[in-house]
Amino acid sequence: MSDHGSEEALPPPEDHSGRAGSMRKGCDPMLMTLRSRLQHRRARINQQINKELRMRAGAENLFRATTNHKVRETVALELSFVNSNLQLLKEELEELNSNMEVYQTESESVNVPMIPLGLKETKEVDLSAALKDFICEHYGEDGLQYENEIRELADLRQAMRTPSRSEAGVELLMEYYNQLYFLDQRFFPVGKTLGVYFHWYDSLTGVPSCQRALAFEKGSVLFNMGALYTQIGARQDRCTSEGIDSAIEAFQRAAGAFSYLKENFSNAPSLDMSAASLAMLVRLMLAQVQECVFERVLLLLRDDQFTTHLQVAQEAAQVSDMYWLVLQTMGQPLVKDYVPFSWATMAQVKTEHFRALSHYYAAVALCEHAQSTQWDDGAGERALHHFHTSTPKGPPLGHVLQDPEERRKLGKAHLRRAIMRHEEAMRVHSLCKILRKMDILQEVLSLMHKRSLHCYSHIDHEDDFFETVEAPDVQSKTEQKPEIKTPDFSRVQVTDIFRRLGPLPIFSARNRRSAPRVVILQRSDGGLGLTLRGDSPVLVAGVVPGGCAAEAGLREGDYIVSVNGVDCKWAKHADVVHTLKTYSESGVELCVITLLSPEVHGQVERRAAVHPPGGNKENALHQASPTSTKGYGPTSLLTWNRKKGGSGGAGEATKRFSGTLGLGFRTLQDKAVC
């Protein structure tokens with residue numbers, strides 16, 4: 001999986017408050033809430049599916065390899081059992097994924113349930129050995145000194161596996177996502193990996209996938225961010241204006257997360273993160289936003305206004321159209337066999353249900369509130385002219401508004417269509433075993449159907465012998481179009497866990513550098529003969545030929561990382577100058593590094609390819625990914641689509657320390673340190 005980010009990317013905001021570690025924690029995995037029990041069952045089924053897949057792969061390999069007839073018969077029989085078990089496990093997982101009631105609001109309100117999305121499960125990943133080796137090899141430091149940082153990263157990853165179903169849970173996922181930016185910059189050179197596999201399970205099928213690319217980890221976390229927003233939106237009490245607004249916000253942010261994932265990541269090894277599935281999820285979230293908008297308009301409805309009832313009818317038609325688009329997307333070849341049947345059925349039920357509501361509110365407006373148009377200065381007539389997709393047969397609409405009998409006829413036609421749509425929604429609902437278990441959905445459909453029948457019986461006359469006109473569909477219209485809200489990663493402040501390695505512009509995996517070397521300078525009668533520039537770290541901008549600094553072994557382009565054993569990677573220019581003045585009387589020990597140019601870098605890479613350090617063939621040979629990610633070799637993880645911002649580093653400051661100090665130096669030795 002690759003991450004299509006811009007090279008002009010801006011790192012996540014860094015928190016300089018100096019706090020130690022993340023203050024956000026995940027849910028207690030042992031806390032047996034309904035949601036946690038559901039996640040535990042999902043994790044157990046995912047593990048069983050993984051086991052059965054491994055057994056099937058081994059049996060298939062044996063079947064192809066053997067020529068013994070009896071062995072082939074035995075293996076074929078075993079394969080049939082394994083395939084049967086896999087089918088049962090996938091059906092059980094689909095039923096869990098279709099369990100929408102767990103995520104719904106606990107209030108006693110009667111609302112059509114929303115479709116939430118379960119979180120992707122992941123295995124534990126041990127990065128300790130790989131990070132320590134990289135710190136030693138690339139940064140020339142002892143990896144054991146960074147055990148606290150490695151443990152903090154592991155704790156943060158463990159916490160984000162069980163986020164709370166609240167804004168705090170989203171912030172926890174976002175914090176880990178932002179930390180992955182720093183992890184990528186610190187430990188993942190372009191085109192290389194650490195050799196550590198990230199395992200994630202498909203959100204709907206439970207099929208495991210693994211990749212070494214950090215982009216897969218980032219994409220999976222971003223997917224869970226969107227999935228968590230769907231759960232937050234589904235749990236809101238949509239009988240209040242505040243609850244509806246919160247649900248709209250959550251579903252819009254879920255759509256933004258899935259859209260961002262679709263636009264910035266490619267070559268996903270799991271179907272839930274494929275472009276087709278993500279496009280379907282975006283449309284589903286926008287449809288649920290539109291449904292919430294309808295509920296808010298209905299909540300604020302005034303009973304005595306003709307135009308407001310027409311508006312409610314058009315809002316319902318808009319919701320129906322949105323779910324029809326979702327249903328069409330779910331029927332595409334790449335998605336049809338992947339999406340749970342209960343999801344597709346729910347989308348079809350809502351398409352019919354809200355189309356029925358559009359006709360019902362049209363009938364209510366015509367039969368019960370049209371008399372209010374006498375005092376609206378023609379607003380009702382103008383609204384009715386743009387209300388239908390086509391002009392109804394019969395008298396002009398202006399005459400219809402003035403004639404109660406014509407209004408009753410047209411309203412009766414709308415009610416007939418409403419009843420037919422309600423009955424179709426109930427028929428489709430009865431086809432799905434999982435939806436039949438949802439009492440709240442069945443209650444809503446039955447209640448709306450009975451309401452339309454009661455209204456129809458109220459306006460139906462026994463002496464109606466005229467041929468009922470056919471009511472056109474209601475023209476869809478909305479007062480608020482759904483908005484895709486891209487995740488705002490800058491709102492979660494993070495501190496680079498591996499900040500002690502040094503400023504990121506210099507101390508990153510993208511930069512190749514020489515091994516740290518120690519230069520010991522002694523006092524002499526002459527001056528230093530060098531120029532220092534910048535902060536964090538301080539750069540040796542110039543060295544006078546034949547001067548004390550040149551004789552000591554300092555070179556132009558060196559970065560000072562420590563003075564007399566005191567780390568100064570983050571030191572300011574004035575502090576380094578002051579330290580040199582303080583210790584120059586008895587001599588000073590400098591540890592410096594030099595960034596390698598691309599030409600030198602190429603020579604180092606060629607030597608490393610011939611003689612890989614420690615016999616490590618992983619980086620020299622660039623081994624391919626495992627069979628589960630065949631076709632997706634090692635790919636570079638690019639940065640985010642944000643511009644770079646100056647946040648420290650070499651060349652940032654313009655202050656200079658020029659000339660000579662009244663100190664002499666001589667070189668004792670140059671030695672490499674780790």
Side-chain angles (χ1 to χ4, degrees), residues 11-24 125-159 175-189 194 196 214 492-518 534-539 558-576 579 589-595 639 645-653 672-674:
E14 190 168 357
D15 182 9
H16 297 282
S17 60
R19 64 178 178 85
S22 172
M23 300 301 293
R24 303 182 179 93
V125 178
D126 186 6
L127 294 170
S128 177
L131 294 181
K132 289 177 183 178
D133 291 344
F134 192 87
I135 290 173
C136 181
E137 176 186 346
H138 184 80
Y139 294 102
E141 299 188 40
D142 186 3
L144 294 176
Q145 297 180 357
Y146 289 86
E147 285 188 341
N148 290 337
E149 285 84 351
I150 294 173
R151 190 180 304 111
E152 181 182 347
L153 178 65
D155 291 343
L156 180 59
R157 190 181 191 276
Q158 180 65 25
E175 178 181 357
Y176 180 67
Y177 185 90
N178 284 344
Q179 283 293 346
L180 290 179
Y181 167 82
F182 293 113
L183 191 69
D184 170 42
Q185 296 293 314
R186 296 285 191 190
F187 299 102
F188 286 80
L194 291 179
V196 178
L214 194 63
V492 177
Q493 301 290 317
V494 297
T495 300
D496 180 10
I497 293 178
F498 294 92
R499 189 175 185 271
R500 284 201 298 136
L501 287 173
L504 195 58
I506 303 300
F507 299 90
S508 74
R510 270 64 169 172
N511 295 331
R512 301 296 297 182
R513 59 183 199 163
S514 65
R517 66 184 194 278
V518 174
D535 298 327
S536 305
V538 174
L539 172 69
D558 285 346
Y559 287 95
I560 301 175
V561 296
S562 71
V563 178
N564 278 358
V566 179
D567 188 284
C568 60
K569 299 188 194 78
W570 290 95
K572 297 296 183 181
H573 176 274
D575 296 334
V576 174
T579 304
E589 179 183 277
L590 301 180
C591 181
V592 297
I593 62 169
T594 304
L595 294 185
T639 48
S647 59
E652 181 181 282
V673 296
C674 293

Task: Ion pair check, Glu141 and Lys569, cut-off under 4.0 Å - done: yes
Open item on the list: Could you report the tightest heavy-atom contact between Tyr139 and Phe507, atom names first, then the distance?
Closed with: OH-O, 3.4 Å
TODO: Report the residues that fulfil salt bridge (Lys or Arg N to Asp or Glu O under 4.0 Å) with Arg151, sequence neighbours left out, ordered by chain and then residue number.
DONE: none
- [ ] Could you tell me which non-hydrogen atom of Glu589 sits nearest to which non-hydrogen atom of Val518, and how far apart they are?
- [x] CG-CG1, 3.3 Å
TODO: In plain terms, say whether Arg500 and Asp567 are close enough for a salt bridge, that is, a side-chain N and a carboxylate O under 4.0 Å apart.
DONE: no
Open item on the list: I want to check something: taking the side chain as every heavy atom from C-beta on, are Asp558 and Leu590 in contact at a cut-off of under 4.5 Å?
Closed with: no
- [ ] Report the C-alpha distance between Phe498 and Leu183 in whole Å, list the side-chain angles of each, state the deciding distance to 0.1 Å, and finish with yes or no for side-chain contact (heavy atoms from CB on, under 4.5 Å).
- [x] CA-CA 8 Å; Phe498 294 92; Leu183 191 69; 4.2 Å; yes
Task: Exercise: identify the closest heavy-atom pair between Ile150 and Ser128 - done: CG2-CA, 3.8 Å
Task: Main-chain N/O of Asn511 paired with His138 side-chain donor or acceptor, under 3.5 Å - done: yes
Task: Flag, side chain of Thr594 to backbone of Ser514, donor-acceptor distance under 3.5 Å - done: no
Open item on the list: If you define the side chain from C-beta out and look only at heavy atoms, does anything of Tyr146 sit under 4.5 Å from Leu131?
Closed with: no
TODO: Could you list the residues that satisfy salt bridge (Lys or Arg N to Asp or Glu O under 4.0 Å) with Lys132, not counting sequence neighbours?
DONE: Glu147
TODO: Return the minimal non-hydrogen interatomic distance between Ala509 and Pro189, and the atom names on each side.
DONE: CB-N, 3.6 Å
Open item on the list: Could you report the tightest heavy-atom contact between Ala571 and Val576, atom names first, then the distance?
Closed with: CB-CG2, 3.8 Å
Open item on the list: Quick one, Cys591 and Val561 - any side-chain contact, counting heavy atoms below 4.5 Å?
Closed with: yes
- [ ] Please report the shortest heavy-atom distance between His573 and Gly534, naming the atom on each side.
- [x] CB-O, 3.4 Å
Open item on the list: Would Phe182 and Arg499 count as a side-chain contact (heavy atoms from CB on, under 4.5 Å) here? Give the steps.
Closed with: CA-CA 9 Å; Phe182 293 113; Arg499 189 175 185 271; over 6 Å; no
Task: Asp575 and Cys568, any side-chain heavy atoms less than 4.5 Å apart - done: no
